[in-house]
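Take a look at the structure set out below.
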Amino acid sequence: MPNYPDSIQDLEPLSGLYIRKRFLNEVRAFLDQKHPQGWCIVAIDIENFKLFNDWYGQDSGDHLLLKIASYLRNLHREDNYIIGHFSADDFFICMPDDGHKLRHIYATIYHYIGKLEQDDSFLPSIGVYRIEDESQNVSTMCNNAQIAASSVVGKIGNRICYFESGMTKKIELKQCILRDARHGLENHEFIFYLQPKCNMMTGELVSMEALARWQKSDGTFVSPGEFIPLFESSGFITRFDMYIWKSVCKTLAAWQDKGYKLVPISINVSMIDITNIDVPQYLSMLTEQYHISPKYLPVEITESIFAESNTIVKNTITRFHQKGFYVLMDDFGSGYSSLNVLKDANVDYLKLDMKFMQIDAKNKGKGIQILKSIVDMAHRLDLVIIAEGVETKEQSEILKSMNCNYGQGFYFYRPLSVEAAEELIQTLPIENFRAAHEQVSRIRNVREALPSSPEMWKLGDNIFRILLDHMLLLSRFNLITGGMETIKRDPSLEGFGIEYETDYPTYISRLLDEQLVHPDDADEFRSIMALDQLRLRMFHEKGSVIYRFRRKFKAGYFWTSLELFPDTECSKENPWVVMVIHKSPSVNPDL
């Protein structure tokens with residue numbers, strides 16, 4: 001095995017690790033001499049690293065790379081791994097295939113990013129290629145590891161991926177789609193459909209959302225779920241979005257020229273758009289060019305963007321407002337950012353994801369209570385709230401009972417062609433959305449929507465308080481099976497990935513094993529949070545659990561409160577429990 005340093009010409013200047021050529025040679029010599037069993041090639045990079053340098057400066061980027069390189073050199077000294085640094089944030093390791101070690105590598109690099117006080121926009125991506133045929137070209141092994149690493153880009157859960165043979169075909173398919181997309185823009189194959197948003201009480205039309213569609217020249221459609229993520233990962237999304245935005249403005253201008261009463265058409269803006277171009281300025285230019293008011297072109301920004309870079313997004317929203325555009329926070333409730341983002345995000349509309357109601361019949365009550373609390377919170381913050389994904393009459397009635405009067409979904413309208421939407425606006429009454437909201441928001445009160453049951457009052461009040469009070473984690477788990485689902489997670493929590501465990505005992509074990517619970521609290525935490533103990537308490541005493549412990553946060557720990565809320569009918573037949581972790585202001589955080 002090699003010993004650093006060798007020749008200065010064989011080392012990458014910044015990191016002091018092997019350059020590509022030397023790394024490939026060392027791995028080849030090692031495989032030929034040792035014929036190791038169970039080894040692999042690992043590719044490591046940092047998602048959006050170029051953006052990291054753009055936002056925080058080259059010095060910060062170099063500092064991060066040096067920290068990673070120093071850690072990897074220690075791995076070489078301790079374990080005799082072969083380490084390479086090919087360029088920028090591309091690192092490679094030849095090491096035994098050890099899942100525990102790979103998770104430790106990921107956690108360490110993620111920790112370095114956290115130490116620089118960054119966020120989850122910049123996550124390590126780790127691809128692993130198992131060496132099964134040691135005679136294979138080492139360069140091909142590295143390429144395969146990189147392909148595996150690229151497959152986790154944009155994902156939030158497990159960021160360590162093993163190479164599979166089908167991945168190469170997927171890469172080739174993606175390149176074909178991108179090639180066709182470039183031709184598609186030139187041939188005007190991309191169109192948009194319009195999905196109405198309406199007042200669920202009156203049936204009046206309040207707005208529409210532009211939803212992109214790709215109809216190829218042969219008449220076939222490509223699913224947005226297939227091409228939008230690819231456009232985002234490749235950077236093509238901005239060119240594509242600019243095309244759609246311009247098309248929407250042309251449609252609004254055409255309706256205006258025909259003398260139709262206009263309805264706002266919202267457009268989607270991604271974080272990549274915000275970093276690539278001056279979106280407020282570009283949209284302002286479009287509205288001036290087509291002589292339409294900015295109020296007819298609301299901007300939808302997904303909730304996850306606010307967690308990625310709050311400062312940049314806040315500044316962008318301010319500029320949108322200065323230029324007369326309304327802003328919607330889209331998909332609220334589907335991501336993992338803190339609910340406290342609403343405190344800082346100066347948005348005008350909140351689009352509520354219906355995930356809270358997509359649960360089984362036995363747990364619908366809990367989801368509805370959470371939903372009620374969010375609706376009331378939005379009203380208290382004077383936000384227009386729209387429920388998206390409404391598919392049934394039952395959902396519509398429940399939402400109306402909460403004073404959530406605006407909805408979008410298949411129950412009301414499926415996405416319409418521009419021609420069909422044009423016919424609709426000529427026949428359907430159109431509501432002045434903003435004015436109507438300002439009128440009714442003054443009389444909204446969440447208690448009007450809560451049932452009279454004392455237990456349900458308590459559950460609603462508790463959840464409402466938590467949502468407003470530094471909520472860090474919202475999840476639910478099954479006391480019988482241990483199945484677990486995270487609904488919301490604050491990205492500032494240490495141990496990224498742990499909250500995405502789908503097995504409650506594994507989640508608890510990892511909290512303890514990785515010392516995310518303070519060592520002095522570990523024994524008590526283990527005892528209180530054991531499934532058998534919780535079953536005993538929840539099934540028989542039917543009471544909530546409130547427990548305070550110290551949770552890892554960046555370089556230290558801080559006090560948190562953990563609260564478990566069982567259903568009032570909690571039993572073996574109805575074993576689900578809502579778990580919330582939030583900051584505990586009643587305990588001195590100084591340790």
Side-chain angles (χ1 to χ4, degrees), residues 1-47 49-50 53 61-106 108-109 112 124-153 159-165 167-168 171-172:
M1 300 293 286
N3 290 307
Y4 296 101
D6 285 69
S7 166
I8 192 70
Q9 296 175 334
D10 292 332
L11 304 181
E12 203 283 329
L14 177 67
S15 66
L17 299 173
Y18 281 150
I19 61 173
R20 176 185 174 87
K21 181 178 180 181
R22 183 61 186 273
F23 176 82
L24 298 179
N25 289 340
E26 289 293 337
V27 173
R28 171 47 55 205
F30 171 66
L31 295 177
D32 291 344
Q33 294 170 15
K34 301 295 185 180
H35 305 289
Q37 298 295 311
W39 278 57
C40 63
I41 298 292
V42 178
I44 304 170
D45 66 16
I46 309 300
E47 186 171 344
F49 184 70
K50 182 180 181 300
N53 283 332
D62 287 349
H63 178 65
L64 176 58
L65 295 180
L66 286 171
K67 291 286 291 183
I68 295 172
S70 175
Y71 167 66
L72 295 180
R73 283 197 299 271
N74 286 337
L75 290 183
H76 163 73
R77 285 191 289 267
E78 295 171 2
D79 301 305
N80 275 336
Y81 298 165
I82 305 174
I83 316 290
H85 182 194
F86 290 9
S87 63
D89 59 321
D90 294 324
F91 295 91
F92 289 82
I93 310 173
C94 182
M95 59 178 282
D97 182 7
D98 182 340
H100 178 76
K101 194 70 174 182
L102 287 169
R103 288 192 295 272
H104 186 271
I105 291 171
Y106 176 88
T108 301
I109 296 174
Y112 291 151
S125 301
I126 295 183
V128 186
Y129 177 75
R130 292 188 177 98
I131 302 174
E132 297 175 348
D133 178 6
E134 62 186 51
S135 66
Q136 188 178 24
N137 186 286
V138 178
S139 179
T140 301
M141 297 181 191
C142 292
N143 290 340
N144 289 342
Q146 278 189 309
I147 289 172
S150 69
S151 71
V152 304
V153 170
R159 302 276 303 183
I160 301 173
C161 181
Y162 282 79
F163 176 81
E164 297 175 357
S165 57
M167 290 180 175
T168 304
I171 294 292
E172 294 172 353

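What you see is a predicted model; the values in this text were computed from it and never measured.
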**OP:** With side chain to side chain contact (heavy atoms under 4.5 Å, CB included) as the test, would you mind laying out the steps for M167 and C161 before giving the verdict?
**Re:** CA-CA 11 Å; M167 290 180 175; C161 181; 3.3 Å; yes
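- Annotation for I160 and Y106: closest pair CD1-CB, 4.2 Å, computed over non-hydrogen atoms.
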**OP:** Output, in order, the C-alpha distance, side-chain angles, deciding distance and verdict of side chain to side chain contact (heavy atoms under 4.5 Å, CB included) for Q146 and D45.
**Re:** CA-CA 9 Å; Q146 278 189 309; D45 66 16; 5.8 Å; no
**OP:** Just do the side chain to side chain contact (heavy atoms under 4.5 Å, CB included) check on V152 and E47 with the steps written out, would you?
**Re:** CA-CA 9 Å; V152 304; E47 186 171 344; 5.9 Å; no
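- Under a 3.5 Å cut-off, the side chain of D89 and the backbone N or O of F49 do not form any donor-acceptor pair.
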Distance-only criterion, 3.5 Å: show the donor-acceptor pairs between side-chain atoms of residues 124-131 and protein atoms not counting sequence neighbours.
unit_1	atom_1	unit_2	atom_2	d
S125	OG	R159	NH2	2.8
Y129	OH	Q136	OE1	2.4
R130	NE	D97	OD2	2.9

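- In this structure D32 satisfies the salt bridge (Lys or Arg N to Asp or Glu O under 4.0 Å) test together with R28, sequence neighbours excluded.
- Of all the heavy atoms in F23 and I82, the pair that sits closest is CE1-O, 3.4 Å.
- In terms of heavy atoms, Y162 sits closest to L102 at OH-CD1, 3.4 Å.
- Remark: K67 NZ to L72 CG distance equals 12.0 Å, nearest 0.5 Å.
- Interatomic distance, CG of L24 versus SG of C94, reported as 11.0 Å (0.5 Å rounding).
- One distance of note links CD1 of I147 with CD of E164; it measures 12.0 Å at 0.5 Å rounding.
- The minimum heavy-atom distance linking S15 with H85 is given by the pair OG-ND1, 2.7 Å.
- For the residue pair S139/R20, the side-chain donor-acceptor check at 3.5 Å is satisfied.
- Contact record, D133 with M141: O-CE, 3.7 Å, taken as the closest heavy-atom pair.
- Taking the six-membered ring where the residue is Trp, W39 and F30 present tilted rings, their angle falling between 30° and 60°.
- Between Y71 and H104, the two ring planes are tilted [angle within 30° to 60°].
- Closest approach of F92 to A43, counting heavy atoms only: CE2-CB, 3.6 Å.
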**OP:** Please report the C-alpha distance between R22 and N25 in whole Å, then the side-chain angles of each, then the deciding distance to 0.1 Å, and finally whether the side-chain hydrogen bond (donor to acceptor under 3.5 Å, both in side chains) criterion is met.
**Re:** CA-CA 5 Å; R22 183 61 186 273; N25 289 340; over 6 Å; no
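- The salt bridge (Lys or Arg N to Asp or Glu O under 4.0 Å) check on K101 picks up D79, with sequence neighbours excluded.
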**OP:** Start with the C-alpha gap between Y18 and L11, add the side-chain angles, then the distance that decides, and say whether side chain to side chain contact (heavy atoms under 4.5 Å, CB included) holds.
**Re:** CA-CA 5 Å; Y18 281 150; L11 304 181; 3.7 Å; yes
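- Rounding to the nearest 0.5 Å gives a distance of 10.5 Å between CD1 of I105 and NE2 of H100.
- Rounded to the nearest 0.5 Å, atoms CZ (F86) and CG (L17) are 11.0 Å apart.
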